[in-house]
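Working notes, structure below.
Order of the sequence lines sets the chain letters (A, B, ...), proteins ahead of strands, with each chain counted from 1. What you see below is based on every heavy atom in this structure, not just the backbone, and it leaves out hydrogens, waters and symmetry mates.
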Amino acid sequence: MKVTRRDLLVWSAGAAAGLVVTPVPWKILDDVSIWSQNWPWIPQPAKGPVEVKQSACTLCPNGCGLRVRMAGGCPVGLSGVNTNPVSRGALCPLGFGAHQLNWHPRRLRNVKHRGNISSWSEASAAFAKAAREGPIVIVDGHPGRSASSVLENFAEKWGGGYRVAMGPETRSLAPYELWSGVPATSLGYDLENTQTIVSFGAPLLDGWGIPGRFPRLWAERAASMNDPQLRIVQADPSLSRTAARAWQWLQVREGSESALAAGLVRALLEQNLVPAHGAIPLATISEAANETGLSADRIRELARTIVAKPPVLAVSPDFNPAVAALNVVLGAVGARGGIVRSSDRTKKYSSVAGAISNVRAVVIDSSVPWDFAAKSDAEVFRFAAWDGGSSKGDWLLPAPGFLEESTDISTPPAYPVETYAVAANLAKPTFEVQTAARFLANLDASAGTPETILHSRCEQLFRSRSGTLYGQTITPMTEIASTQELEKHLWDGAVWVGERCSAKLACELKEWPSASPSSRAGNWTQPWLAPVLPPLASKLYIESNLRGTPGRTV
Amino acid sequence: MSARYGMVIDLDRCIGCGSCMVACAAENNVPALQQATVRTGLTPIVVRTVSNGQEGAARRETFIPIMCMHCEHDTPCVKVCPQQAVEVDRATGIVMQMPQRCLGCRYCMTACPYHARYFNWWDPAWPAGMEKSLNPGIAVRMRGVVEKCNLCHARLHTAKEKAAAAAKREIDPTDYVPACVEACPTSAIHFGNLADANDPVAKESRSPEAFRLLARLGTEPKVYYKSKEAWVRDLAETNSAPRPEVKHG
Amino acid sequence: MASRVLTDSRWIARGESRTSFSRFLLWLAPWTALLLVGIYAAFLCLYHGLNQTNMDNRFAFGLWIFLDLGIIALGAGAFFTGFLVYILKRVELKPILNTAVVVGFICYSGAVAILMIDVGQPLRAWFTFWHPNTHSMLTEVTFCISCYLLVLCLEYIPILLRNPQLRRLPSFLVFDHQLHRLIPVLAAVGAMLSFFHQGSLGGLYGVLRGRPFAFRSGILIWPSTFFLFILSAIASGPSFLMLVTAAVEKITGRKLVANEIFRRLALISGVLLGIYVAAKSIDTLIWLNITSPSEGFAPWQFYIHKPFGTPILFAEIVLFGLLPAFLLTFRATASRRGWLLCAAAMACAGVLLNRFVLTVQTLALPTLPFDDFLQYTPSWQEVASFAGVIAYGVIVYSLSYRYLPMFGSSKGEHADVSGN
């Protein structure tokens with residue numbers, strides 16, 4: 001048979017027309033669209049059952065109650081625990097994305113010695129050598145943990161120092177430590193019982209203290225109320241987030257907080273609004289007015305306003321003796337709604353402020369904020385889960401990441417009662433990590449291990465029989481039958497809250513404190529300890545106009 | 001019974017912390033992309049800062065979380081989608097976006113008066129291993145499609161499953177709470193059923209302090225705002241603020 | 001042998017003189033280069049996604065929507081000339097019909113190509129046919145644009161088949177003959193499709209209640225922009241045809257079309273432009289005084305953002321509307337080639353400006369009281385794909401001009417486009 005060109009054309013046209021009525025083109029179209037929905041390079045979430053665990057956040061010393069959704073052995077979602085009386089169901093914005101931190105590209109996966117990859121054995125050997133050669137200093141960011149005890153014990157045994165990097169809230173309590181002898185870590189602000197707060201730039205609603213504490217309190221007692229039961233007078237140079245929501249905003253000049261405190265004290269005393277006692281500032285009201293940019297009358301009026309609704313409490317964002325002195329004059333120290341003792345512990349910690357000299361090595365725990373750089377020429381062993389860049393130590397030692405370490409959490413900074421909680425290691429690191437405590441225990445087991453110390457703390461707590469356990473239910477400690485039961489509750493995410501401390505607190509202020517350089521806590525990322533931010537923080541910093549560029553690497 | 005889920009956001013309580021934004025992104029497997037900017041990021045809920053335009057001591061600011069308003073009537077995005085990738089769920093009133101159906105023409109984005117719709121300009125990507133931290137049950141959206149807030153519809157689904165397992169017809173309202181509502185530290189976002197006259201949120205939406213943005217367009221948005229301050233409420237009524245300065249993206 | 005390679009005379013109609021093949025290739029070379037750059041840019045957009053553009057969540061439509069709306073408006077000469085010739089029997093316009101069809105084909109196919117690059121998931125474009133939302137203007141646009149492109153292809157084929165080499169295939173001749181009988185029907189269908197298509201493109205923005213600058217009340221389901229787009233398209237289409245023809249005449253150095261046809265086109269363009277300007281003015285007044293205030297927007301607020309001030313409104317309606325309408329209509333100016341082309345260019349600029357204002361200005365303007373006025377600068381990929389479409393148009397037109405009868409010139413054999 002001879003095939004003509006015409007036959008061929010007709011055949012082709014017929015085939016093309018016929019193809020349309022077959023499923024072929026439609027199936028191809030369908031497949032193509034399904035393929036475009038499931039491109040192989042699109043990550044897919046894990047399948048499988050979701051389990052809910054309760055724990056505590058270890059990003060900063062506040063230890064907020066954490067409800068962790070787990071799938072495939074990994075945390076896949078975080079939220080707050082409503083039954084936790086300390087964090088009250090809230091988390092900070094960074095906390096909501098913290099479960100992604102462990103895969104952060106800047107995760108520290110290898111031991112690094114001056115930028116080069118090294119090994120644990122080399123690091124161990126180097127440290128053992130240094131520790132034998134001379135004194136060492138150990139820096140801790142969360143004092144009060146079982147791990148902290150290991151660090152402390154080790155330092156004591158090896159003739160070194162144990163220093164603590166305090167957060168700004170604790171630093172703001174330091175003047176009272178000077179005047180009363182009670183350590184700042186045993187002090188707290190009794191915000192729950194105060195009615196007027198004069199904030200000298202403290203970012204009360206913006207990451208100051210426990211995220212669920214003050215914002216919740218404010219929401220209940222002040223927000224959208226015509227006559228708030230909690231009045232915030234915010235002195236701030238610009239309209240900060242707290243100023244925007246405050247009952248009154250005082251626009252003062254940058255760095256004039258101490259002058260304002262002094263002016264207020266003069267105004268309080270001149271108008272006989274407080275009983276005259278203690279030191280009197282040298283500066284006059286008009287000098288304060290000049291410095292702050294407020295009028296003298298405004299300062300006098302302010303003095304009347306703040307005492308109108310007692311108890312009244314002054315809060316500074318960081319170390320500020322003038323503001324502390326104002327509290328003394330106001331009678332807020334040791335009083336309900338003021339500065340109170342959270343614990344009868346009298347042990348003071350030495351701060352890391354200042355140079356560390358004449359030591360052979362410095363060990364920095366992973367709880368110390370990445371910003372901290374030891375002012376020392378000693379060999380620095382720095383534990384960190386993430387490499388925040390611009391190396392802050394000779395040795396970078398990979399520490400457990402978020403929820404990868406079993407640890408305990410003691411009283412949050414500036415909290416008025418003692419608390420205790422435990423965070424279980426819900427996630428498993430895929431490479432070798434060590435905590436500073438474990439690393440030191442390897443060298444000298446007599447310093448104890450965090451596990452044994454945690455256990456003995458629970459025993460102590462059980463024996464004290466004071467306080468209440470907040471878990472699935474609220475259980476007074478008197479109803480807990482054994483240490484084992486207590487430990488079980490704690491490992492299941494319960495938090496122990498102690499009773500109010502009855503120990504006395506009194507400050508003797510002989511003379512008005514000399515002006516110290518004004519320090520501002522500034523952005524709320526300050527107490528944040530990790531060297532990196534959770535990737536989702538990009539929503540706050542890069543993908544929206546909500547917040548300016550953070551001080552740290554994202 | 002058909003519900004009409006909606007919100008009343010008390011702006012006097014919002015402290016602009018951004019917890020809602022992060023919680024929302026984590027819940028819905030929204031990627032954190034390094035390339036994204038203010039104008040190209042995926043922020044199903046975004047907190048905007050608004051001022052009264054004054055400077056100095058007279059300045060006032062407030063924070064407004066903006067998300068899909070779930071317009072009830074003449075829903076602008078539903079009307080324009082050429083291939084029915086957007087619909088208003090009759091049972092819930094939630095404006096649903098079907099990413100598998102979307103061709104990425106972005107007509108809905110130009111139609112939305114609230115700019116509450118976001119385009120996946122990039123392939124969704126996470127640093128190696130981080131996909132293990134993704135929320136199970138929420139499909140990751142592919143590049144080239146539009147997405148937006150669906151009031152954490154997956155949580156509604158879970159609540160329904162729970163109710164069905166317990167042989168109940170109605171879900172327990174406490175089982176269905178969107179991530180942003182749950183995350184808000186000051187409880188500024190109130191979520192509920194506007195169709196239920198006894199629902200506290202329905203009552204709150206009728207308060208004289210409540211208002212809706214661009215309500216005058218007649219689209220019946222189901223997200224209400226609330227404020228005691230008149231200048232904030234005026235935002236609903238004022239025209240585009242006369243700010244001729246040009247912002248470069 | 002070499003000389004045979006370098007000549008294409010067999011493909012050129014007998015009796016037509018065309019420039020040498022090498023000169024023609026030289027002419028094509030830069031356009032081809034531009035097209036290749038465009039194709040590369042398009043590839044980047046398809047492969048990496050639309051992050052290659054500078055569009056963003058608020059400027060969700062960028063340069064491409066302006067390009068689409070613009071070239072489709074200019075391409076309106078095709079359907080409108082067909083409409084005039086076949087439906088209204090204005091046979092005197094027949095000589096430019098082929099050019100009109102080719103220009104229309106270029107504009108529409110270019111628009112579809114750009115559209116496919118600028119959607120996020122082009123593989124799913126067919127969903128619109130499978131799950132159409134009949135309430136969406138974009139559905140109407142998609143159906144009309146694809147159907148009309150099909151019609152234009154069918155209209156283009158007979159022109160293609162007039163190539164001397166293709167004519168040698170007997171089956172093509174039969175096909176050609178059959179197709180020719182269909183052409184008037186196609187022209188009618190095309191006219192209807194294109195009317196709707198132009199209209200629905202106008203409706204695209206006119207229905208956007210959430211964009212008060214673009215939103216218009218209307219008649220039945222169509223906002224006023226629906227009708228304004230049709231009017232402005234058919235007004236500027238003939239002007240664009242004049243510009244194209246004049247450009248070809250200039251480049252080839254030949255007289256291709258009788259002055260009479262130019263004047264006829266000018267009159268059509270001018271009168272329609274006049275009607276459009278009147279309608280647009282009424283529409284603007286209604287929008288300023290009724291539509292916008294009733295939605296709660298003070299209309300002058302839309303004009304406070306530089307450079308989108310009221311001068312743009314003036315330019316759109318008076319400078320590039322009323323003025324060319326006069327110039328095109330009056331014999332004194334329309335019979336002078338310089339004035340005529342200037343007026344035609346102004347008319348085209350007017351319709352482009354209208355499309356620009358409706359798309360770009362609409363998106364730049366804030367709607368929420370705390371929105372900012374936004375600026376957007378297209379990325380090189382967007383500009384390159386835009387330029388690629390223009391290069392594609394020039395190439396297709398050049399090839400068509402060289403190998404196909406584009407103008408029913410004085411030589412009788414090319415005048416019969418109805419096919420006998």
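- Per-residue counts of heavy-atom pairs under 4.5 Å with chain B were compared for K47(A), Q100(A), H99(A); the largest is that of Q100(A).
- Residues M21(B) and K539(A) approach most closely at CE-O, 3.2 Å, considering heavy atoms.
- Between atom CZ of residue R59(B) and atom CH2 of residue W249(A) there is a gap of 8.0 Å, rounded to the nearest 0.5 Å.
- For residues 172-188 of chain B, a heavy-atom distance under 4.5 Å to chain A picks out E182(B), A183(B), C184(B), P185(B), T186(B), S187(B), given by residue number.
- The greatest number of non-hydrogen atom pairs below 4.5 Å with chain B, out of T242(A), N226(A), N102(A), is found for N226(A).
- For the set V46(B), L33(B), V47(B), the count of heavy-atom pairs under 4.5 angstrom toward chain A peaks at V47(B).
- For the atom pair CD1 (I542(A)) and OG1 (T40(B)), the distance works out to 10.5 Å, reported to the nearest 0.5 Å.
- How far CZ of R241(A) is from CD1 of I15(B): 9.0 Å, rounded to the nearest 0.5 Å.
- Shown here for P43(A) and P124(B), the closest heavy-atom pair between the two residues is CD-O, 3.5 Å.
- For a residue to count as touching a neighbouring chain, one of its non-hydrogen atoms must lie under 4.5 Å from one of that chain's; by this rule P31(B) touches chain A with the backbone only.
- Proximity to chain B at a heavy-atom threshold of 4.5 Å picks out A90(A), L91(A) from residues 80-91 of chain A, in numerical order.
- For chain A, the option among C20(B), A128(B), S227(B), G56(B) with the highest count of heavy-atom pairs below 4.5 Å is G56(B).
- Each of S19(B), S51(B), P99(B) has some count of heavy-atom pairs under 4.5 Å with chain A, and the biggest count is that of S19(B).
- Interface remark: of the candidates L239(A), I42(A), T430(A), L205(A), L239(A) forms the most heavy-atom pairs closer than 4.5 Å to chain B.
- In this structure, the portions of P215(A) lying under 4.5 Å from any heavy atom of chain B include both its backbone and its side chain.
- For a residue to count as touching a neighbouring chain, one of its non-hydrogen atoms must lie under 4.5 Å from one of that chain's; by this rule L11(B) touches chain A with the backbone only.
- Scanning for salt bridge (Lys or Arg N to Asp or Glu O under 4.0 Å) contacts around K160(B) gives an empty result, with sequence neighbours left out.
- In K228(B), the NZ atom is crowded: over 12 heavy atoms of neighbouring residues, nucleotides or ligands sit closer than 6.0 Å.
- Interface remark: of the candidates W103(A), W39(A), W41(A), W218(A), W103(A) forms the most heavy-atom pairs closer than 4.5 Å to chain B.
- Counting only heavy atoms from C-beta outward, the side chains of L540(A) and V22(B) approach each other to under 4.5 Å.
- With a threshold of 4.5 angstrom between heavy atoms, R216(A) approaches chain B through its backbone and through its side chain.
- With hydrogens and angles ignored, the 3.5 Å screen pairs no side-chain donor or acceptor of E543(A) with any backbone N or O of A36(B).
- Of all non-hydrogen atoms in D12(B) and S224(A), the two that sit nearest each other are CB-CB, 3.6 Å.
- Put simply, CE on M225(A) and CZ on R13(B) are 7.0 Å apart, with the number rounded to the nearest 0.5 Å.
- Using a 4.5 Å cut-off between heavy atoms, C14(B) touches chain A through its backbone atoms (N, CA, C, O) alone.
- Listed options A222(A), A243(A), A219(A) were ranked by heavy-atom pairs under 4.5 angstrom with chain B; first place goes to A219(A).
- Ranked by heavy-atom pairs shorter than 4.5 Å toward chain A, the options A57(B), G41(B), A26(B) are led by A57(B).
- Residues of residues 129-149 of chain B that come within less than 4.5 angstrom of chain A, heavy atom to heavy atom, are G129(B), M130(B), E131(B), K132(B), S133(B), L134(B), N135(B), P136(B), I138(B), V140(B), M142(B), R143(B) in numerical order.
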